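First up is the structure itself, then whatever we jot down about it.
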2 protein chains.
Amino acid sequence: MVALSRDEIVEAARGLLAERGLAGLTMRRLAERLGVQPGALYYHVASKQDLLAAVAAEILERAQIATHDPARAAEELRAALLPIRDGAEVMSFVNAFRPDALRPLRMLERAFPLPAPQARWAADTLVHYVLGFVAEEQNQAELARARIRQPAPDPQPVEEAFRFGVDVILRGLPPGGSASAPTSS
Amino acid sequence: MVALSRDEIVEAARGLLAERGLAGLTMRRLAERLGVQPGALYYHVASKQDLLAAVAAEILERAQIATHDPARAAEELRAALLPIRDGAEVMSFVNAFRPDALRPLRMLERAFPLPAPQARWAADTLVHYVLGFVAEEQNQAELARARIRQPAPDPQPVEEAFRFGVDVILRGLPPGGSASAPTSS
DNA sequence: ACCTGAACACCGTTCAAGT
DNA sequence: ACCTGAACACCGTTCAAGT
């Protein structure tokens, strides 16, 4: 009967999010899973938003995202988000709500050899792209789960589409008349 | 005492969203504003998600987004979303949830002179970027409103940052050692 | 210091029943 | 056909009171 800790709450929240998604992560269910009353959580976290920021930070810390290679960083960020239901949506929210909680994402701007503001804009563009892409992927997965839409048939073009966007951001659009996309790494 | 119509509900919902944001747009408040009981709405719309899709579609229809010029389309999409609180978030959700409701967005792929799948990926990349960028802008505005953060001081760099990302997607990153970003239109 | 019990002020959605 | 009344099954958050 050891006391509840903030870390324990964040860890349980991450698990609940991974299993049941954002709609399934309620303070009441979380309390139930931890064997306490809902109100007890508020002794350790200020609010649900505060909790979500901590969960997002933990997901990123575990991901160990490359800081020197933007293309690799994009792949790693996507890979870290995919196994967490609604992971991209949570990350987007926290990225806007408390960007300093997401230091690994801010570090990405060092990967761009550009003068001060541009490096940041470039990093933001890449991050927006990855979060937007994965959010759409995961939303479609949620809809497939709810049987509103069929699951995407073939995972291979999804990977290709993702890399295409990353390449476009890092190297520009392929020339108009050309028949092939740029290939990555 | 004319009967309620679906269009009237969608219009009122758009107004409520613009004024009070996503958290302020509840079925109960919407019913109150229309002078009916909450249950009455469900005779005209299937669910809140269904309603949001209709609202997003209307926002896009009014926007009259250019289909031939991607850079202009990006500006117009942003301009259409900014006056609606949480507009980008709603659009993102609907874009994943019911993309066919957002035909003007799908049309954008015609603006890219690329072979079939690439044109679509390019359009998706641009749309993801715009929605991600504006979502962050609007989330920060929401936080400023709630006095959690100060409002962004200077709107001019925001415009510049937005165009920088659009240019990156349309023309590629500026060369590494260079001191200036590409300039648009 | 840490948690319970109980409440407050809400939600989206359904559905018999009325007109 | 269209809407009301009333309920169902939830939410996040607060806070006095207990230990």
Side-chain angles (χ1 to χ4, degrees), chain A residues 1-17 19-56 85-86 89-90 93-94 97-98 139 142-143 145-148, chain B residues 1-17 19-56 85-86 89-90 93-94 97-98 139 142-143 145-148:
Chain A
M1 189 49 78
V2 64
L4 204 58
S5 74
R6 184 180 161 96
D7 280 357
E8 193 185 354
I9 292 173
V10 172
E11 186 48 48
R14 197 179 56 88
L16 203 51
L17 183 65
E19 286 170 34
R20 328 221 3 184
L22 200 47
L25 171 54
T26 71
M27 299 303 270
R28 287 165 184 275
R29 249 202 279 254
L30 184 56
E32 192 184 24
R33 176 169 289 204
L34 290 164
V36 297
Q37 296 296 314
L41 301 175
Y42 289 86
Y43 187 81
H44 301 276
V45 302
S47 64
K48 190 178 181 181
Q49 295 194 358
D50 178 41
L51 176 60
L52 285 176
V55 169
R85 273 174 79 174
D86 298 322
E89 198 174 327
V90 170
F93 173 72
V94 176
F97 165 65
R98 201 179 283 169
N139 272 328
E142 290 302 312
L143 295 171
R145 227 184 284 254
R147 307 250 174 94
I148 299 173
Chain B
M1 190 49 80
V2 63
L4 204 57
S5 74
R6 185 181 160 95
D7 280 358
E8 192 185 355
I9 292 172
V10 172
E11 187 48 48
R14 196 179 57 88
L16 204 51
L17 182 66
E19 286 170 33
R20 328 219 6 183
L22 201 48
L25 172 53
T26 71
M27 298 304 270
R28 286 164 183 275
R29 250 202 278 254
L30 184 57
E32 193 183 24
R33 177 168 288 205
L34 290 164
V36 298
Q37 295 297 314
L41 302 175
Y42 289 86
Y43 187 81
H44 301 276
V45 302
S47 64
K48 190 178 182 180
Q49 294 194 357
D50 178 39
L51 176 60
L52 285 176
V55 169
R85 274 175 78 173
D86 297 321
E89 199 174 325
V90 170
F93 172 71
V94 176
F97 164 64
R98 202 178 284 168
N139 272 328
E142 290 303 312
L143 295 170
R145 228 183 284 254
R147 307 253 173 93
I148 299 174

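These numbers were taken from a predicted model, which means no experiment stands behind them. Below, chains carry the letters A, B, ... as their sequence lines are ordered, and counting in each starts from 1.
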Least distance between heavy atoms, B:Ala13 atom then B:Leu30 atom: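 Looking at all heavy atoms of both residues, the closest pair is N-CD1, 3.6 Å.
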Closest approach of A:Val10 to A:Ala54 (non-hydrogen atoms, all atoms of both residues):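 Scanning both residues, the minimum pair turns out to be CG2-CB, 3.7 Å.
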Counterpart residues, salt bridge (charged side-chain N to carboxylate O under 4.0 Å, His left out), relative to A:Glu11 (two or more places apart):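 Only A:Arg14, A:Arg62 meet the salt bridge (charged side-chain N to carboxylate O under 4.0 Å, His left out) criterion with A:Glu11.
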Short side-chain to backbone donor-acceptor contact, A:Asp86 and A:Leu22, under 3.5 Å: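 Yes; at least one donor-acceptor contact below 3.5 Å.
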D:dA9 and C:dC10, which share atom name P, separated by this distance in whole Å: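 Approximately 22 Å lies between the P atom of C:dC10 and that of D:dA9.
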Between D:dC2 (P) and B:Arg6 (CZ): distance, integer Å: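 Nearest whole value for this atom pair: 14 Å.
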Distance in angstrom units between A:Glu32 CD and C:dT4 C1', rounded: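 Distance check: A:Glu32 CD to C:dT4 C1' gives 16 Å.
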Structure string for DNA chain C in dot-bracket form, Watson-Crick and G-U at under 3.5 Å, | interchain: ||.|||||...|||||.||
Min side-chain heavy-atom separation B:Arg85-B:Leu17 under 4.5 Å: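 Counting from C-beta outward, B:Arg85 and B:Leu17 never come under 4.5 Å.
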Within residues 29-45 of chain A or reaching into it, pairs that qualify as salt bridge (Lys or Arg N to Asp or Glu O under 4.0 Å) - sequence neighbours excluded: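 The answer is A:Glu19-A:Arg33.
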Phosphate-side-chain proximity, A:Tyr43 and C:dC3, N/O vs OP1/OP2 below 4.0 Å: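 For A:Tyr43, the contact criterion (side-chain N or O under 4.0 Å from OP1 or OP2 of C:dC3) is not met.
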Distance test, side-chain N/O of A:His44 to OP1/OP2 of C:dA1, below 4.0 Å: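 Answer no for this pair, as no side-chain N or O of A:His44 is under 4.0 Å from OP1 or OP2.
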Steps toward side-chain contact (heavy atoms from CB on, under 4.5 Å) verdict (A:Leu16, A:Thr26): CA-CA 9 Å; A:Leu16 203 51; A:Thr26 71; 6.0 Å; no
Between side-chain atoms of residues 38-48 of chain A and protein atoms elsewhere (two or more places apart, or another chain), which donor-acceptor pairs fall under 3.5 Å?
residue: A:Ser47; atom: OG; partner: A:Gln49; partner atom: N; Å: 3.4
residue: A:Ser47; atom: OG; partner: A:Asp50; partner atom: N; Å: 3.2
residue: A:Lys48; atom: NZ; partner: A:Leu25; partner atom: O; Å: 2.9

Per-nucleotide protein contact string for nucleotides 5-19 of chain D, where B marks a base within reach and S marks sugar-phosphate only (heavy atoms under 4.0 Å, - for neither): S-B---BBBB-----
